[in-house]
Amino acid sequence: MILREDWQFRGLVHQTTDEAILDRLSAGGVTAYIGFDPTAPSLHLGSLLQLCNLRRLQLAGNRPIALAGGGTGLIGDPSFKAVERPLITEELLEENLVGIREQLGRFLDFSPAAGPSKALLLNNAQWLTTVTLTDFLRDVGKHFTVNQMIAKESVKSRLDRDDVGLSFTEFSYMLLQAYDFLRLNVDHGCTLQLGGSDQWGNITMGTELVRKETGNTVAGLTSPLLLRADGQKFGKSEVGNDKVWLDASMTSPFEFHQFLLNADDATTPALLRFFTFLDHQTILDLDEATRTRPQERQAQRAIANAVVTLVHGETAARHAERAGEALFAESIAELDEATLLQVVADAPSSTWSRAEVAAGVDPAELLVRCELAGSKGEAGRFLEQGGAYVNNVRVHAETAIDISWALHGRYLVVRRGRRLLHLVVIA
RNA sequence: GGGCCGGUGCCCGAGUGGCCAAAGGGAUCUGGCUGUAAACCAGACGGCUUAGCCUACGGGGGUUCAAAUCCCUCCCGGCCCA
């Protein structure tokens, strides 16, 4: 499979500084980089497309560089007003990089066996914290005019607003990113930067800086932003308003799987192309399946299984799928003990004494103690609205729950809403 | 440093002494329909021992029977001037 054709089929190319870059990538031997945010101990769904792109590159014989934005994370925003770039300490950054490194390893080959296309993980703190101010202003700043910088679409909206300003630090961000590209070109022979379409302005600053400072020609390529059918940015968690993380302890494999399984029909063609490595014919067949038999959700299943397998492994993917089936399609009371435990393996759990359950449990208190409701008032609301279930049976405020409810004599599966679970183990 | 404007619930935003737990929108949550979807419809959306009480309108202090609303002060943001 030729990379150019594959990427065009998948719609991965939004803009390029030089269309011929696709041919060079197809031929192999190109060193390319993408920046990642290291302010959390895990990457999230928003990075998945870029991760896949790096993987695709490497599979085609190119060398991927994952660049952690530790420099920018360390600086943060001095005006405190932007929550987007929280201040981060060097120790925390190091910790985060450990987790991120492991996640990258699922997509990229960092082993020496990969030869010249062995992946690299770098941290821009390495050069951003050591370059001197005068060097930076002379070598980087002199190549750009403020006039062109304020014309960038990325800062224009901020400059036009009359309630918030744009700090000099934030404004300088594009120069820092340009400098990254310069260092990677000089030190590692990197000639391509990838990113989302929102990165276009920053990327072109980089290609320009490299050309002016070294005379080398380097390229930029952006991928389209993945949007949901309703125009919202894709990647928010189903439960709450959180991001979908790649770390199993932050977003369980089950939750992750469910999130993808619930993707709306209109988004599946893009998800299949962006997030899976399925061949073209399989993708076209799945498109067709979505069109003609949407209720089977074959595409969603394929996406969920493929992505969870890639991120968490095959076993986790199988368990997640099985758990969903049991939870939504079968009677939970009829599962044998081992299957039941496997189904709720991802859910938080707590241990209660036999005596207190035998004495009878108030449903509202049950929800609060299982952390499925934030307060008694909220618990009351869920019960009133019919959003509380024990062992998949809807319960109300006056429902008396006692030891006779226990599955296998010692479990209560408490659920709030569609898919928020908690397991009570009776000791 | 000076002048002017502003800081309201998760976000945006109305409110300029009592009728304010605070309009409206968005987000979120629950239910209904359905395909564990989208769209749509209905309801909820600070807490509690819930016809009541407590906590909340940047922080602190004050005026008043009564303050998100008035006064003082501090902090933060924006615009302009130096």
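All values below come from the heavy atoms of this structure, side chains included, with hydrogens, waters and symmetry mates left out. In this text, all values refer to a predicted model and were calculated from it rather than measured experimentally.
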Asker: Is A:S375 near enough to B:rC48 that one of its side-chain N or O atoms lies under 4.0 angstrom from OP1 or OP2?
Answerer: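 Yes, such a contact exists.
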Asker: Taking CG from A:L260 and P from B:rU36, how many angstroms apart are they, rounded to a whole number?
Answerer: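 Whole-Å distance recorded here is 17 Å.
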Asker: Work out how far the C1' atom of B:rU36 is from that of B:rU30, and round it to whole angstrom.
Answerer: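 B:rU36 and B:rU30 have their C1' atoms separated by 16 Å.
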Asker: Looking only at side-chain atoms of A:K376, point me to the closest of B:rC48, B:rA38, B:rU30.
Answerer: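 Out of B:rC48, B:rA38, B:rU30, the nucleotide with an atom closest to A:K376's side chain is B:rC48.
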Asker: Between B:rA37 and B:rG59, how far apart are the P atoms? Round to whole Å, please.
Answerer: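 The same atom, P, in both gives a distance of 42 Å.
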Asker: For nucleotides B:rG58 and B:rG52, find the distance between their C1' atoms and express it as a whole number of Å.
Answerer: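 About 31 Å, rounded to a whole number of Å.
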Asker: For the pair made of CD in A:E378 and C1' in B:rC48, what is the distance, rounded to whole Å?
Answerer: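 A:E378 atom CD is separated from B:rC48 atom C1' by 14 Å.
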Asker: Taking the same atom, P, in B:rG47 and in B:rG9, what whole-Å distance lies between them?
Answerer: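 Rounded to whole Å, the distance is 16 Å.
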Asker: Any chance CD of A:E337 has more than 12 other-residue heavy atoms, nucleotides or ligands included, within less than 6.0 Å?
Answerer: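 Atom CD in A:E337 is crowded, with more than 12 foreign heavy atoms closer than 6.0 Å.
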Asker: Using only heavy-atom distances, determine whether the side chains of A:D264 and A:T267 contain a donor-acceptor pair under 3.5 Å.
Answerer: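 Distance-only check passes for A:D264 and A:T267.
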Asker: Heavy atoms from C-beta onward define the side chain here; which of B:rG35, B:rA37, B:rG32 lies closest to that of A:R394?
Answerer: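 Output: B:rG32.
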Asker: Given the C1' atoms of B:rG61 and B:rA51, what is the spacing between them in whole Å?
Answerer: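 Their C1' atoms lie roughly 36 Å apart.
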Asker: Rounded to the Å, how far apart are A:R416 CZ and B:rU28 P?
Answerer: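 Taking atom P of B:rU28 as the reference, CZ of A:R416 is at 13 Å.
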Asker: Between P on B:rA38 and CG on A:L271, what's the gap in Å once rounded to a whole number?
Answerer: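 That distance rounds to 14 Å.
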Asker: For B:rC4, give its Watson-Crick or G-U wobble partner with both distances under 3.5 Å, or none.
Answerer: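 Pairing partner, where one exists within any strand: B:rG78.
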Asker: Using whole Å, report how far CG of A:L421 lies from P of B:rU36.
Answerer: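 Result: 16 Å.
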Asker: Given the P atoms of B:rC5 and B:rC54, what is the spacing between them in whole Å?
Answerer: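 Pairwise P distance, B:rC5 against B:rC54, rounds to 36 Å.
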Asker: Side chains of A:H422 and A:S349: do they bring a donor and an acceptor to under 3.5 Å?
Answerer: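 There is no such pair between these side chains.
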Asker: So what does A:Q300 hit on the nucleic acid, given a heavy-atom distance under 4.0 Å: a base, only sugar-phosphate, or nothing?
Answerer: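 Contact class for A:Q300: base.
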Asker: Name the one of A:E213, A:R211, A:K212 that satisfies side-chain hydrogen bond (donor to acceptor under 3.5 Å, both in side chains) with A:H143?
Answerer: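 Single side-chain hydrogen bond (donor to acceptor under 3.5 Å, both in side chains) partner of A:H143 among A:E213, A:R211, A:K212: A:E213.
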Asker: When rounded to the nearest Å, what value does the distance between C1' atoms of B:rG62 and B:rC10 take?
Answerer: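 About 33 Å, rounded to a whole number of Å.
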Asker: Round to a whole Å and report the spacing from CZ of A:R297 to P of B:rU36.
Answerer: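 Value for this atom pair: 6 Å.
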Asker: Can you check the distance between B:rC45 and B:rA22, where both ends of the measurement are the P atom (answer in whole Å)?
Answerer: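 Pairwise P distance, B:rC45 against B:rA22, rounds to 10 Å.
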Asker: Is it true that atom CD of A:E288 has more than 12 heavy atoms of other residues, nucleotides or ligands lying nearer than 6.0 Å?
Answerer: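 Yes - once you tally the heavy atoms of other residues, nucleotides and ligands closer than 6.0 Å, there are more than 12.
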